[in-house]
Amino acid sequence: MLRKKALLSVLMIISGCLTAIAQSSVNSPYTRYGLGDLSDRGFANNAAMGGVGYGIRNSGYINMTNPASFSSVDSLSFMFDMGMSLRSSNYQENGFKSNAKNSSFDYMAMQFRLHKRLGLAVGFTPYSTVGYNFSTTTPVEGNDSYTATNTFYGDGGLQQITAGLGFKILDNLSIGASAGYIYGSLDYQSSISFNTNSDQTYVYNKVKVKSYVADFGLQYTQPIGKTDFLTLGLVYGLGHTLNSTDTEGIQVTDNPTKPSYSAVNEQVINDSYGIPHTFGAGLAYTHNNKLTIGADYTLQKWSSVKYQNKTNMYEDLNKIAIGAEFIPNPIGRNYLQRIRYRIGFNYATPYLKLPQYEGPSEYSVNAGFGFPLYLYQRKTILNLTGQYVRVRPSVSNMLSENRFVIKLGLTFNEPWFMKWKVN
């Protein structure tokens with residue numbers, strides 16, 4: 001009965017948060033290009049370690065970055081993970097400054113063992129997010145008494161629901177695969193108006209995606225002595241053309257709120273966007289179940305991906321991440337000894353090609369804690385992560401961003417499969 005009530009509570013949380021995850025969690029003009037701001041597969045605990053995860057095997061939390069890790073789940077546990085973010089962004093360009101604050105519900109996942117060598121995980125995570133709203137006003141050339149106002153607006157994002165299996169072939173070798181459904185809508189709008197009685201031109205681009213995703217992974221663990229381990233992780237994400245519809249249109253009207261006339265020219269283009277082939281490799285070193293040090297490299301082949309039915313519109317994305325986690329004493333009596341202390345760093349090259357320039361590169365410095373909570377005999381971890389993200393343009397006078405992010409995650413670990421005996 002208790003298991004049924006717990007499962008019902010999980011399903012209620014999921015249904016209540018689906019809309020929240022779909023809401024825009026960014027406010028960046030750079031999301032005007034491409035598919036927007038790309039999201040990491042890792043959760044709050046991975047983020048604190050710089051996003052490291054390919055070689056991580058830990059039975060205490062869910063690792064969605066490599067499906068081979070699903071086989072590490074404890075035989076007695078049902079795990080449920082959920083997280084949210086709070087972010088504050090500061091923008092600067094040519095001496096002008098602005099700021100924006102956003103919040104979002106980021107992810108949900110559950111994991112449990114099907115067999116002593118087989119683990120299952122189901123996750124709901126964002127893929128990318130679009131969010132911007134800005135305008136510029138300039139004088140009309142040849143007549144300074146007239147001005148033209150260009151307004152740019154974008155909203156939406158792509159989400160993915162995935163399910164994966166991790167299978168332990170040998171005691172030190174696991175493979176995994178996950179597949180799922182990627183969906184969402186991206187809304188791009190721009191308009192131009194004048195400070196006189198004249199027509200307004202409105203250009204819009206609405207993309208709807210309903211397609212699939214697939215990822216594969218491998219982890220090989222080599223013992224080093226009696227207490228140390230080195231794990232190699234490899235991942236591959238399938239790149240393909242997305243099943244999508246792209247509605248492009250131009251509308252000319254005399255009044256945007258109460259028009260007396262409106263002329264629209266619209267066309268619909270199918271399957272004009274794609275996602276890239278992704279290759280990743282990582283190493284993780286674990287010492288005495290107290291210290292974990294990891295490093296990951298990711299390559300996303302965006303240069304061959306379609307954008308508005310064109311190729312060569314992106315750059316290949318390269319990302320390097322390093323991180324560490326330290327637990328002084330997992331079973332110590334002192335609470336401070338049981339806290340997980342984490343730190344990490346990552347750097348990523350741009351996948352965007354802006355008009356005439358490359359897109360911005362990005363690096364972040366991360367730190368966080370994993371606080372163990374024991375509530376009603378439930379083994380729960382509260383993950384708190386802080387991030388400083390620097391978005392650096394390729395040209396000095398372009399828009400730069402300093403972003404401060406707080407990530408909160410809760411990992412519930414329920415002993416659902418424990419068998420009690422009475423003597």
Euclidean distance, [Y] [atom2] relative to [X] [atom1], rounded to 0.5 Å:
X: Ile56; Y: Asn46; atom1: CD1; atom2: CG; answer: 7.5 Å
X: Asn309; Y: Glu248; atom1: CG; atom2: CD; answer: 9.0 Å
X: Ser88; Y: Asn102; atom1: OG; atom2: CG; answer: 9.0 Å

Quick check against the 3.5 Å criterion: does [X] have a side-chain atom that pairs as donor or acceptor with the backbone of [Y]?
X: Asp296; Y: Ala321; answer: no
X: Ser211; Y: Asn243; answer: yes
X: Asn270; Y: Thr245; answer: no
X: Asn383; Y: Leu408; answer: no

Strictly below 4.0 Å, N to O, side chains only: are [X] and [Y] in salt-bridge contact?
X: Lys206; Y: Asp187; value: no
X: Arg117; Y: Asp171; value: yes
X: Asp40; Y: Lys407; value: no

Does [X] have any ring-ring contact (aromatic ring centres under 6.0 Å, His included) partners at least two apart in sequence or in another chain, and if so, which?
X: Tyr153; value: none
X: Tyr363; value: none
X: Tyr351; value: Trp302, Tyr314
X: His115; value: none

Could you check whether atom [atom1] of [X] has more than 12 heavy atoms from other residues, nucleotides or ligands sitting under 6.0 Å from it?
X: Phe369; atom1: CZ; value: no
X: Leu170; atom1: CG; value: yes
X: Lys208; atom1: NZ; value: no

Worksheet item: Under 30°, 30 to 60°, or over 60°: which ring-plane class applies to Tyr307 and Tyr273, parallel, tilted or perpendicular?
Response: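 Tyr307 vs Tyr273 ring planes: perpendicular.
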Discussion item. Please evaluate residues Tyr212 and Tyr181 with respect to the criterion ring-ring contact (aromatic ring centres under 6.0 Å, His included), reporting the C-alpha separation (whole Å), side-chain torsions for both, the decisive distance (0.1 Å), and the verdict.
Written reply: CA-CA 4 Å; Tyr212 66 92; Tyr181 177 60; over 10 Å; no
Practice prompt. Check step by step if side-chain contact (heavy atoms from CB on, under 4.5 Å) holds for Leu186 and Leu35.
Written response: CA-CA 8 Å; Leu186 309 173; Leu35 297 179; 3.9 Å; yes
Worksheet item: Do Ile169 and Ile175 come within less than 4.5 Å of each other through their side chains, counting heavy atoms only?
Response: yes
Worksheet item: Side chains of Thr411 and Thr380: closer than 4.5 Å at any heavy-atom pair?
Response: no
Fill in: Contacts of Arg340 that satisfy salt bridge (charged side-chain N to carboxylate O under 4.0 Å, His left out) - sequence neighbours left out
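Checked Arg340 against salt bridge (charged side-chain N to carboxylate O under 4.0 Å, His left out); zero matches.
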Practice prompt. Ignoring hydrogens and angles, state whether a donor on the side chain of Asn90 or Gln92 is under 3.5 Å from an acceptor on the partner side chain.
Written response: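 Not at all, the side chains of Asn90 and Gln92 share no donor-acceptor pair under 3.5 Å.
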Practice prompt. Using the ring pair (Phe, Tyr, Trp, His ring centres under 6.0 Å) rule, collect all pairs that involve residues 32-74, keeping only residues at least two apart or in two chains.
Written response: Phe43-Tyr107
